[in-house]
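Here it is, the structure, as structure tokens.
Scope of the values below: all heavy atoms of this structure, side chains included, with no hydrogens, waters or symmetry mates. Convention: sequence-line order gives letters A, B, ...; per-chain numbering from 1.
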Amino acid sequence: MTIAIPPTSNKKSDQLQPNGWLRYFSFSLDHKVIGLQYLVCGFIFYLIGGLLGSAIRVELASPISDFMARDVYNQVLTLHGTVMIFLWIVPVVNGAFGNYLIPFYVGARDMAFPRLNAVAFWMIPPAGLLLISSYFITGAAQSGWTAYPPLSLTTPAAGQILWILSVLFLGGSSIFGGINFIATILKLRRPGLKLMQLPMYCWAMLGTSILVVLSTPVLAGTLILLSFDIVVHTGFFNPGLGGNAVVYQHLFWFYSHPAVYIMVLPAFGLVSEILPVHCRKPLFGYTSMVYSIMAICVLGLVVWAHHMFTSGTPPWMRLFFTIATSFIAVPTGIKFFNWLATLWGGRISLNSAVLFSCGFIVNFVLGGITGVMLAQVPFDIHVHDTYFVVAHFHYVVYGGSVFVIFASIYHWYPKFTGRMLNENLGRFHFLLTFIGFNLCFAPQHWLGLNGMPRRVAEYDPQFTFINQLSSAGALLMAISTLPFLWNVVQSAFNGPIAGDNPWRALTPEWLTSSPPPVENWNGEAPLVTEPYGYGVPKEQLDKTGTSNSDHRSSGQ
Amino acid sequence: MSIPIAILTLVLGMVLVLGGLWIGQNVNLLPVDASANAPVYDELFRVLFSIGAILFLGILGLVVFSLIKFRRRPGQLGDGLALEGNLSLEVFWTAVPAVIVLFVGLYSFDIYDRMGGMVPLGHGAHDHQEMEMQQNIWGGIGSKAEELTTESNLAALPVEVTAMQYAFLFRYPRGDIISGELHVPVGQPVRLRMEAKDVIHAFWVPEFRIKQDVIPGQPTILSFTATKPGRYPIVCAELCGPYHGSMRSAVVVEEPTDYDTWFSNNAKTTVPEA
């Protein structure tokens with residue numbers, strides 16, 4: 001397959017596409033423009049979702065429901081979950097970095113289906129606006145981001161229907177993106193580039209996209225059935241009409257558990273790109289990383305019922321899903337040990353990208369450990385639907401994915417804009433985020449174990465102090481976005497010029513100008529067969545300072 | 001300053017394991033244990049907490065150590081070691097977690113069995129009406145204790161639980177009592193048959209370490225044996241509407257004589273809300 005485009009069509013597309021800043025507001029077909037559109041759009045929704053999260057923490061600073069009305073509280077928590085998952089993490093770790101990086105990594109000039117790509121992005125802003133505006137027009141959905149019937153059938157219908165429409169749009173966008181990534185990775189590779197020579201992020205996106213394409217349609221079908229139940233009073237999930245409320249949970253989690261992997265697998269891939277560059281070492285265990293990703297994909301599809309251990313599930317089902325879920329720890333563990341081995345004996349630059357990546361490792365390990373605990377039925381029966389679970393998944397999706405998003409912004413910002421970010425501000429941002437995040441969510445483990453259920457606006461007064469501690473952490477997290485925002489805006493105009501390759505990286509996105517030209521390279525695309533060819537043999541190692549590169553004890 | 005690396009690693013590993021075990025055994029994060037299930041649960045929690053503490057502290061230590069020890073110093077321009085993999089190391093850290101996970105899985109299966117999770121849900125249905133209903137029961141926890149004590153004439157106390165927005169109602173078929181609080185005697189197995197009127201709720205007693213969703217249209221079963229007299233909160237743990245946070249009740253665990261007094265005072269009469 002060849003990716004050469006005749007020069008005539010080249011010029012034509014130049015004329016049709018706006019140049020300058022205007023192209024970021026246009027139906028641009030350039031994968032880099034679309035990637036940045038995803039990123040900025042996602043970040044705006046992150047600020048909105050963060051505001052909603054802060055409102056929750058303000059309400060929970062006191063044990064009584066005093067900050068907002070109870071039904072408004074449920075609307076806020078529903079919006080917070082939906083915005084953060086469907087409008088921030090999924091579009092950014094997949095759409096933003098995927099669109100920007102995948103064509104570079106496979107040596108292509110754009111995605112396989114540029115128009116589909118633009119359509120996928122432009123479904124997101126209207127869907128997001130629909131979701132947010134539902135709060136002002138009719139009152140937003142009140143049944144949580146899980147929308148379990150019969151609750152979702154009995155809460156005000158208009159908000160729930162707008163929620164379903166919005167999630168359907170976002171799911172559609174995600175499916176379009178997934179198809180595009182699979183086609184690009186498998187079919188647009190530069191001649192001579194083998195699959196096992198691809199950067200790890202390509203494998204992560206391939207695995208993620210397979211999960212997206214297999215599981216998102218199930219969510220779409222389920223939500224359409226739910227909307228029938230709401231609008232025309234069918235009885236799929238309505239026990240009053242002979243339906244079955246538990247079937248919805250099975251269908252919902254068949255998508256929504258893989259959705260966790262849709263949020264973290266790309267993050268795993270991004271960390272695998274960032275660490276070798278800044279540690280000046282090859283990625284440790286490339287082959288086992290690839291197989292781990294594929295194992296996570298396969299296992300990720302058969303673990304959904306662990307969200308339903310206290311629901312209507314028979315004992316045999318509880319046991320099967322315990323074992324299957326626990327085993328995901330094995331491939332995930334392989335990846336973490338490989339990253340630790342990548343750090344070991346490196347020449348690590350302690351910059352913001354590395355700090356956020358290492359923060360991710362620490363947070364995600366804690367989230368993973370509580371995940372294995374939660375997989376055990378007898379353990380889960382006590383803590384299911386409590387703040388222990390809230391803490392667990394924030395460690396996974398915030399401590400995991402969001403930390404990686406920040407690491408990636410620090411790493412690729414010079415490529416996006418051609419200018420460097422301020423590293424001291426970046427390290428300050430990391431410090432505030434890391435402390436704030438852990439202060440906010442670590443105490444919630446204790447709250448859950450001791451009897452505080454999730455999704456409540458009021459709670460037993462004995463939990464007041466720990467909740468206030470958690471709220472203080474949330475305040476710190478909110479403050480931590482300020483140095484980041486200042487840094488990103490200020491550096492875009494006044495940052496030092498980055499040059500083509502400030503990190504001395506080997507992957508193909510750095511082998512072009514910053515920012516790269518339309519169609520990525522002037523001239524032929526480079527063939528990079530060793531994306532992680534860093535490092536020197538032991539005898540040539542620069543011995544200044546220290547070097548005890550005995551890797552024996554990294555086995556812990 | 002010339003302690004061999006291997007010995008240092010071994011000592012650090014032992015300190016880590018002992019430290020993790022100490023934390024797991026001595027840091028108590030759980031509320032008081034007031035049911036026969038709870039000590040079994042706490043045993044599992046301590047094992048999981050110990051393993052988790054060892055892993056987390058070990059990895060945290062490795063990350064911090066690597067960042068300090070292998071940081072780029074001023075003037076260092078060279079790369080790190082060109083090390084792309086190590087098969088035996090990779091086999092090691094695939095096999096060890098697999099063994100740990102398998103152990104944890106089998107162990108928690110054993111705990112689940114001891115908590116009564118594998119007891120058939122229809123078990124303990126004594127009257128004909130309940131026998132008919134057992135086909136419809138969808139989930140829950142039976143009781144091991146119940147199995148053991150039926151022979152010693154201490155039959156399970158059946159209670160019917162109805163959950164609705166935003167209250168639990170407890171009906172005692174023997175005596176036809178309806179109460180807003182659950183009264184149970186110490187040491188006697190209790191068998192809750194639960195059903196919701198409107199949306200899904202969940203019955204949770206943190207001090208008993210048990211929880212079960214209460215689902216409209218599908219009865220669920222929950223059995224437990226209270227072991228410590230006292231008053232413990234019953235919490236709804238499934239989002240059920242705006243007043244979800246205030247949907248709470250209490251279980252009152254009493255000495256058998258006190259319970260009998262309460263029972264005979266209320267039997268055959270209807271108490272709307274306690």
Side-chain angles (χ1 to χ4, degrees), chain A residues 70-71 74 144 150-151 239 245 279-282 285 288 310-313 315 323 326 329-330 333-334 337 340 343-350 358 361-362 365-366 369 373 376-378 381-382 384-385 446 449-451 453 455-458 534-537 542 544-545 549-550 553 555-556, chain B residues 5 9 29-31 41 44 48 52 55-56 58-60 62-63 66-67 70-73 75-76 78-82 84-85 89-90 92-94 97-98 101 105 108 111-112 115 117-118 138-139 199-200 202 206 209-213 215-218 235 237-239 242-246:
Chain A
R70 290 177 173 83
D71 57 335
N74 284 359
L151 182 64
C279 297
R280 310 309 301 169
K281 273 192 71 194
S288 62
T310 70
S311 182
T313 36
I323 304 290
S326 302
V330 177
I334 293 173
F337 291 125
L340 291 178
L343 290 175
W344 194 266
R347 290 276 186 271
I348 309 170
S349 310
L350 294 183
C358 291
I361 292 178
V362 170
V365 163
L366 188 55
I369 289 169
M373 294 169 92
Q376 313 305 319
V377 179
I381 281 174
H382 174 48
H384 178 73
D385 264 331
W446 184 88
L449 286 167
N450 283 277
R455 294 171 162 178
V456 290
E458 53 217 300
Y534 308 100
V536 292
D542 173 14
T544 28
S549 26
D550 188 337
S553 50
Q556 175 57 58
Chain B
I5 289 290
T9 313
L29 297 177
L30 289 161
Y41 178 93
L44 171 71
L48 292 175
L55 273 174
F56 180 70
I59 289 175
L60 179 67
L62 269 178
V63 169
S66 302
L67 285 183
F70 303 115
R71 71 183 188 277
R72 173 179 301 279
R73 289 159 174 81
Q76 275 187 333
D79 277 9
L81 188 65
E84 293 192 338
L89 207 55
E90 286 170 64
F92 173 77
W93 65 48
T94 310
V101 159
S108 74
I111 295 281
Y112 189 48
M115 286 171 68
M118 299 310 286
W138 264 62
V199 301
I200 302 174
R209 317 281 193 270
I210 47 166
K211 181 185 296 115
Q212 173 59 49
D213 284 9
I215 305 167
Q218 287 163 6
V235 182
E238 181 71 57
L239 179 63
Y243 288 83
H244 165 53
S246 57

Separation of B/D213 CG from A/D385 CG (nearest 0.5 Å):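 Answer rounded to 0.5 Å: 7.0 Å.
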Spatial distance of atom CD (B/Q76) from atom CZ (A/R347) [nearest 0.5 Å]: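 Interatomic distance, B/Q76 CD to A/R347 CZ, rounded to 0.5 Å: 4.0 Å.
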Reported CZ-to-OH distance for the pair A/R280 and A/Y534, which is rounded to 0.5 angstrom: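 Going from CZ on A/R280 over to OH on A/Y534, the span is 6.0 Å.
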Side chain / backbone / both / neither for A/I348 at chain B, heavy atoms under 4.5 Å: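 Interface part for A/I348: both.
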Contact winner vs chain B - A/V330, A/I323, A/V365, A/L449, heavy-atom pairs under 4.5 Å: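 It is A/L449.
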Among A/C279, A/P537, A/G144, A/C358, residue most engaged with chain B (heavy-atom pairs, under 4.5 Å):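 Ranked by heavy-atom pairs under 4.5 Å with chain B, first place is A/C358.
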A/L350 portion near chain B, given a 4.5 angstrom heavy-atom threshold: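 The side chain, not the backbone.
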Test salt bridge (Lys or Arg N to Asp or Glu O under 4.0 Å) applied to A/R70 - qualifying residues, sequence neighbours left out: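 With neighbours one apart ignored, the set is A/E458.
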B/L44, part contacting chain A, at a heavy-atom distance under 4.5 Å: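 Just its side chain gets close to chain A.
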Top contributor to chain B interface from A/V456, A/I369, A/L151 [non-hydrogen pairs under 4.5 Å]: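 Top count of heavy-atom pairs under 4.5 Å with chain B: A/L151.
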Among the listed options A/A245, A/P282, A/A457, the residue most often paired with chain B at heavy-atom distances under 4.5 Å: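 With the most close heavy-atom pairs to chain B, the winner is A/P282.
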Residue selection (most heavy-atom pairs with chain A, distance under 4.5 Å) from B/L30, B/I111, B/V235: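 Result: the option with the highest number of such pairs is B/L30.
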Side-chain donor/acceptor of B/K211 to backbone N/O of A/H384, under 3.5 Å: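 Checked: pair present.
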Derivation of the side-chain contact (heavy atoms from CB on, under 4.5 Å) call for B/W93 and A/I334: CA-CA 7 Å; B/W93 65 48; A/I334 293 173; 4.3 Å; yes
CA sep, side-chain torsions, deciding dist, call: B/L81, A/W344, side-chain contact (heavy atoms from CB on, under 4.5 Å): CA-CA 9 Å; B/L81 188 65; A/W344 194 266; over 6 Å; no
Residue B/E90 versus chain A: region with a heavy atom under 4.5 Å: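 For B/E90, the contact with chain A is made by the side chain alone.
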Contact winner vs chain A - B/S66, B/G245, B/P242, B/S246, heavy-atom pairs under 4.5 Å: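 The option with the most such pairs is B/P242.
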Region of B/F56 that comes under 4.5 Å of a non-hydrogen atom in chain A: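 For B/F56, backbone and side chain are both near chain A.
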Pick from B/L60, B/L67, B/V63, B/I200 with the largest number of heavy-atom pairs that fall under 4.5 Å of chain A: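 Looking at each of B/L60, B/L67, B/V63, B/I200 in turn, B/L67 comes out on top.
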Donor-acceptor contact below 3.5 Å, side chain B/Q212 vs main chain A/T310: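 A pair under 3.5 Å: yes.
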Between NE2 on residue A/H382 and OH on residue B/Y41, distance to nearest 0.5 Å: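 Answer rounded to 0.5 Å: 4.5 Å.
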Option that, when pairs with chain A are counted at under 4.5 Å, heavy atom only, ranks first among B/G52, B/S108, B/P97, B/G105: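 Most pairs with chain A among the choices: B/S108.
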Contacting moiety of A/N74, where chain B heavy atoms sit under 4.5 Å: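 The answer is the side chain of A/N74.
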Under 4.5 Å from any heavy atom of chain B - which part of A/I361: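 Just the side chain, heavy atoms under 4.5 Å.
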Part of B/A202 within contact of chain A (heavy atom distance under 4.5 Å):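 The answer is neither part of B/A202.
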Side chain B/R73, main chain B/R71, donor-acceptor under 3.5 Å: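 Such a contact is found between B/R73 side chain and B/R71 backbone.
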